[in-house]
Novice: 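One structure, as structure tokens, below. Some questions next.
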Amino acid sequence: MSTPGHDDPLSKERSHLAASRSALRAMREDVESLDITDVTANWVNAAVLESQIEQRIKALADLSETPLFFGRLDYLHAPGAEQAEGERFYVGRRHVHDADGDPMVIDWRAPVSQPFYRASKKDPQDVSLRRRFGYTGGDLTAYEDEHLLDPAEAATTSRLLQQEIERPRVGPMRDIVATIQPEQDEIVRAGLAGSVCVQGGPGTGKTAVGLHRVAYLLYAHRERLARTGTLVIGPNRSFLHYIEQVLPALGELTVRQATVDDLVAHVEVRGTDEAATAVIKGDARMAEVLRRALYSHVVPPTEGVVVVRGSRRWRVPVYELEEIVRELLARDIRYGAAREALPQRIAHAVLVQMERAGEAPDDRVQNAVARNAAVKALVKAVWPQVDPAKLVLRLLIDADFLAEHAEGVLTGDEQKAVLWVKPARSVKSARWSPADAVLIDEATDLIERTHSLGHVVLDEAQDLSPMQYRAVGRRCTTGSATVLGDLAQGTTPWATRSWEEALGHLGKGEAVVEELTAGFRVPTDVIAYASRLLPHIAPGLTPVASIRENPGFFDIRTADAGPADVVAACRELLEREGSVGLIAADARVPELAAALAAAGISHVGPGEETTHATRLTLVPASLAKGLEYDYVVLDEPQAVVDGEPDERTGLRRLYVALTRAVSGLVVTHAAGLPRQLT
């Protein structure tokens, strides 16, 4: 690794950085100076163009603390031209060009940048030199070279790469664009047409891979995804706050982020379910119960319909109406679409009679017949409108209605479990649970097709129920998905047992399952300790192997003084550089919050790190998933286990809590440790 010296080329690289920043400012100023007064024909187009310009200006922002480029590639030949002289490219977070349009920084997603992540001594990909840059804040302070074509130079681990991976983290999640590994890059650059499922243990970078995959797909398929849309789904608001800065740092500002609860928010959720009830409501069999209940509203016509047009009367006999209804049911289209098609089919039958009688009706006549009062009355009787929330409400309060449509699908005990003890009088007064909202979303889709996006990223997917998978799958029926998760971290009673099963419910059974096992963020001693739980929570799953050179800091302490010892551990870790997370069983959080306040130590809650300078976060164990801190104090592991409905779920929750530390972990306990750890 090279640092500044008298004849060191670092000064030239700094000059290129300064020139690149100047060029980026010029690019932004060019956009800011655009005059669209006479460009658009109307105010709608003007508003759209103005919004696009604002987005472009934001995307061209120069973040002073973020390196504009982090690598350099010296090609032996110009890419795509074997006989031409080699070229040099600087690889960064976004494209920057000079006044003549010549590139000064190449976007990391461009094909010419790919060898920065994939080239090796065995496969140099025509790269003679790969240079990595070290930064302090936004200042370029060091560089490191790999001569990929020099047989005399042995392959070594990049010190700058290792330092960047192990760099202390404060605040929200950062991008990993400078440290993407070859196996991660393959997933990031996988095509848009196919879906990918990433099984990754703690610290393997699966969330970052998913977010960078979105950024890559937006680069490679921008026009298509601009039309169809992209969506990142996380487990809770705290998690979304934690990751919300990654895509904007990469210049992508249009990706929507949501939770599954956000997607299915058709009604106000004010209630909760017992775990056993939620498991049944989340079972994929409920989709069949809903389908049966919905289509029970369709009744065969009992008499024909007579349409009066002027002095003529046209009669469609009952047997013909029955055939039309049977055909629509057999087409397997949405309930609402079939209902809209029914009057048109009846009108068509009338027009056939008119033509046989020598008339020449056109489309206007057919539409008029479809709107005829007699036809509308028949449609209302045969194929009535159904409100999805009212349909679900009836299933949950009417035992006979539920039994009729759950026969052979749910057992008698299961039917009793989902019925409400206190029936609601209306949709508005009902105390809907999160699982009920998912059922309403399923019913809504049975009536009218859900809009499909171009690409959906689903993180912490192992915790979803089959019905929640179906809800997400509806949002990407014509698009693709990136599914991220870890079977060992499933902490819901309905957590998925296998990715094959989960992908089937998602409607993406063809997805390729990739496994990340190299740990970049969790220290060796910490992941080894946490992995003692794997045989009990996910037998057969490959343990994460930490590749960090720094073994990290790990200590187990008896907290004889209770909260006072926990506070002392937090104070000790706050003397180090980086963020600190105090993770505890949810029930113990108020007591620890009071102890911190009494000691004069300020703290924030999960997700608040983006707006507060405080380095200590007090994290309920139920919200720890997906979050990372430089140092973690884990309070009372046994209490974390005991806080869950069953031991296996509790051990999975503990596994999550143990693996949130990037640089060091202190475990404090007054009670005994779980036997699986000892």
Novice: Would you say that more than 12 heavy atoms from the other residues, nucleotides or ligands in this model lie under 6.0 Å from the CD of Glu501, or not?
Specialist: yes
Novice: Above 12 or not: heavy atoms from other molecules or residues under 6.0 Å from NE2 of His348?
Specialist: no
Novice: Do you know which of Asp175, Thr482, Leu484, Ile243 makes side chain to side chain contact (heavy atoms under 4.5 Å, CB included) with Leu211?
Specialist: Ile243
Novice: Just wondering, are more than 12 heavy atoms of other shown residues or ligands nearer than 6.0 Å to CZ in Arg56?
Specialist: no
Novice: What heavy-atom pair brings Leu453 and Gly229 nearest, and what distance separates the two atoms?
Specialist: CB-O, 3.7 Å
Novice: Measure the CD-CE distance between Glu359 and Met354 for me, rounded to the nearest 0.5 Å.
Specialist: 5.5 Å
Novice: Mark yes or no for whether Asp436, through its side chain, and Ser433, through its backbone, hold a donor-acceptor pair below 3.5 Å.
Specialist: yes
Novice: Would the distance check show the side chain of His297 and the main-chain N or O of Leu294 forming a donor-acceptor pair, the cut-off being under 3.5 Å?
Specialist: yes
Novice: What distance do Thr477 atom OG1 and His451 atom NE2 have between them, rounded to the nearest 0.5 Å?
Specialist: 9.5 Å
Novice: Run the side-chain contact (heavy atoms from CB on, under 4.5 Å) check on Asp30 and Leu34 step by step: do they pass?
Specialist: CA-CA 7 Å; Asp30 286 345; Leu34 289 175; over 6 Å; no
Novice: Any side-chain to backbone donor/acceptor pair from Lys625 onto Gln489? Under 3.5 Å, distance only.
Specialist: yes
Novice: Quick one: are Leu396 and Lys281 in side-chain contact, heavy atoms under 4.5 Å?
Specialist: yes
Novice: Taking all heavy atoms of Ser238 and all of Pro606, pick out the closest pair and write down the distance.
Specialist: OG-O, 3.3 Å
Novice: Between Asp185 and Arg189, does any NZ, NE, NH1 or NH2 come within less than 4.0 Å of an OD or OE carboxylate oxygen?
Specialist: yes
Novice: Would you tell me whether Glu244 and Gln257 have side-chain atoms, one donor and one acceptor, within less than 3.5 Å of each other?
Specialist: no
Novice: Could you tell me whether Lys58 and Glu54 make a salt bridge, using a distance below 4.0 angstrom between a side-chain N and a carboxylate O?
Specialist: no
Novice: Starting from the C-alpha separation in whole Å, work towards a yes-or-no answer on side-chain hydrogen bond (donor to acceptor under 3.5 Å, both in side chains) for Gln199 and Trp499.
Specialist: CA-CA 8 Å; Gln199 158 63 42; Trp499 290 122; 2.9 Å; yes
Novice: Taking all heavy atoms of Gly479 and all of Ser452, pick out the closest pair and write down the distance.
Specialist: N-OG, 3.7 Å
Novice: Is there side-chain contact between Glu355 and Pro361, with at least one heavy-atom pair below 4.5 Å?
Specialist: yes
Novice: How far apart are the closest heavy atoms of Ala215 and Leu250, and which atoms are they?
Specialist: CB-CD1, 3.9 Å
Novice: Are the side chains of Ile233 and Thr259 in touch, meaning some heavy atoms are under 4.5 Å apart?
Specialist: no
Novice: Can you check whether Ala511's main-chain N or O pairs, donor with acceptor, with Ser195's side chain at less than 3.5 Å?
Specialist: no
Novice: Salt bridge (Lys or Arg N to Asp or Glu O under 4.0 Å) between Arg331 and Glu327: does it pass, once the steps are laid out?
Specialist: CA-CA 6 Å; Arg331 287 181 61 189; Glu327 186 180 343; 5.9 Å; no
Novice: Would you confirm whether Thr649, through its side chain, and Pro645, through its main-chain N or O, come within 3.5 Å as a donor-acceptor pair?
Specialist: no
Novice: Short question: side chain of Thr277, backbone of Asp273 - any donor-acceptor pair under 3.5 Å?
Specialist: no
Novice: To the nearest 0.5 angstrom, please state how far the CG atom of Leu218 sits from the CZ atom of Arg109.
Specialist: 7.5 Å
Novice: Looking at Arg475 and Leu263, would you say the former's side chain and the latter's main chain have a donor-acceptor pair under 3.5 Å?
Specialist: yes
Novice: Decide yes or no for Val307 and Val316: does some side-chain heavy atom of the first lie under 4.5 Å from some side-chain heavy atom of the second?
Specialist: no
Novice: Step by step, would you call Glu442 with Met286 a side-chain contact (heavy atoms from CB on, under 4.5 Å)?
Specialist: CA-CA 9 Å; Glu442 179 83 25; Met286 288 299 300; over 6 Å; no
Novice: Would Thr302 and Val318 count as a side-chain contact (heavy atoms from CB on, under 4.5 Å) here? Give the steps.
Specialist: CA-CA 7 Å; Thr302 56; Val318 65; 5.7 Å; no
Novice: Taking side chain as C-beta onward, heavy atoms only, is Ile440 less than 4.5 Å from Trp432?
Specialist: yes
Novice: State the CD1-CG distance between Ile346 and Leu351, to the nearest 0.5 angstrom.
Specialist: 13.0 Å
Novice: Just do the side-chain contact (heavy atoms from CB on, under 4.5 Å) check on Asp398 and Leu419 with the steps written out, would you?
Specialist: CA-CA 8 Å; Asp398 187 336; Leu419 282 169; over 6 Å; no
Novice: Considering only NZ, NE, NH1 and NH2 on the basic side and carboxylate oxygens on the acidic side, decide whether Arg474 and Asp441 come within less than 4.0 Å.
Specialist: yes
Novice: Around Glu274, counting heavy atoms of other residues, nucleotides and ligands shown, do more than 12 lie under 6.0 Å from its CD?
Specialist: no
Novice: Rounded to the nearest 0.5 Å, what separates atom CD in Glu323 from atom CZ in Arg345?
Specialist: 9.0 Å
Novice: Any sub-3.5 Å donor-acceptor pair from Arg652's side-chain atoms to Thr491's backbone N or O?
Specialist: no
Novice: Taking the six-membered ring for Trp, are Phe239 and Tyr242 parallel (under 30°), tilted (30 to 60°) or perpendicular (over 60°)?
Specialist: tilted
Novice: Answer yes or no: is there a side-chain heavy-atom contact under 4.5 Å between Leu458 and Leu464?
Specialist: yes
Novice: Does this structure show an ion pair linking Glu288 with Arg285, if we count only N-O contacts that are shorter than 4.0 Å?
Specialist: no
Novice: Answer yes or no: does atom CZ of Arg270 have more than 12 heavy-atom neighbours from other residues, nucleotides or ligands under 6.0 Å?
Specialist: yes
Novice: Can you tell me if Glu448 has over 12 outside heavy atoms packed within less than 6.0 Å of its CD?
Specialist: no
Novice: For atom CD of Glu500, decide whether the heavy atoms of other residues, nucleotides or ligands shown that lie under 6.0 angstrom number more than 12.
Specialist: no
Novice: Looking at every non-hydrogen atom in both residues, tell me the closest pair between Asp459 and Pro235 and how far apart they are.
Specialist: O-CD, 4.3 Å
Novice: Would you name the heavy atoms of Val267 and Ala389 that are closest together and state the gap between them?
Specialist: CG1-CB, 4.3 Å
Novice: Does a side-chain heavy-atom distance below 4.5 Å link Val196 with Arg213?
Specialist: yes
Novice: Any sub-3.5 Å donor-acceptor pair from Gln462's side-chain atoms to Asp486's backbone N or O?
Specialist: yes
Novice: Checking the side chain of Gln468 only, and the main-chain atoms of Val260 only, is there a donor and an acceptor separated by less than 3.5 Å?
Specialist: no
Novice: Suppose we screen for ring-ring contact (aromatic ring centres under 6.0 Å, His included). Which residues come up paired with Tyr335, at least two apart in sequence or across chains?
Specialist: Tyr295, Trp383
Novice: To the closest 0.5 Å, what do you measure between CD (Gln415) and CD (Glu404)?
Specialist: 11.0 Å
Novice: Could Arg222 and Glu252 be called an ion pair, given the rule that one side-chain N must be under 4.0 Å from one carboxylate O?
Specialist: yes
Novice: With sequence neighbours left out, write down each residue that passes side chain to side chain donor-acceptor pair (under 3.5 Å) with Thr230, or none if nothing qualifies.
Specialist: none
Novice: Taking the side chain as C-beta and beyond, is there a heavy-atom pair between Lys390 and Val386 under 4.5 Å?
Specialist: no
Novice: Flag the pair Tyr216 / His212 as yes when their ring centroid distance falls below 6.0 Å, and as no otherwise.
Specialist: no
Novice: For Gln385, does the CD atom have more than 12 heavy-atom neighbours from other residues, nucleotides or ligands under 6.0 Å away?
Specialist: no
Novice: Charged N to carboxylate O under 4.0 angstrom, Arg364 versus Asp362?
Specialist: yes
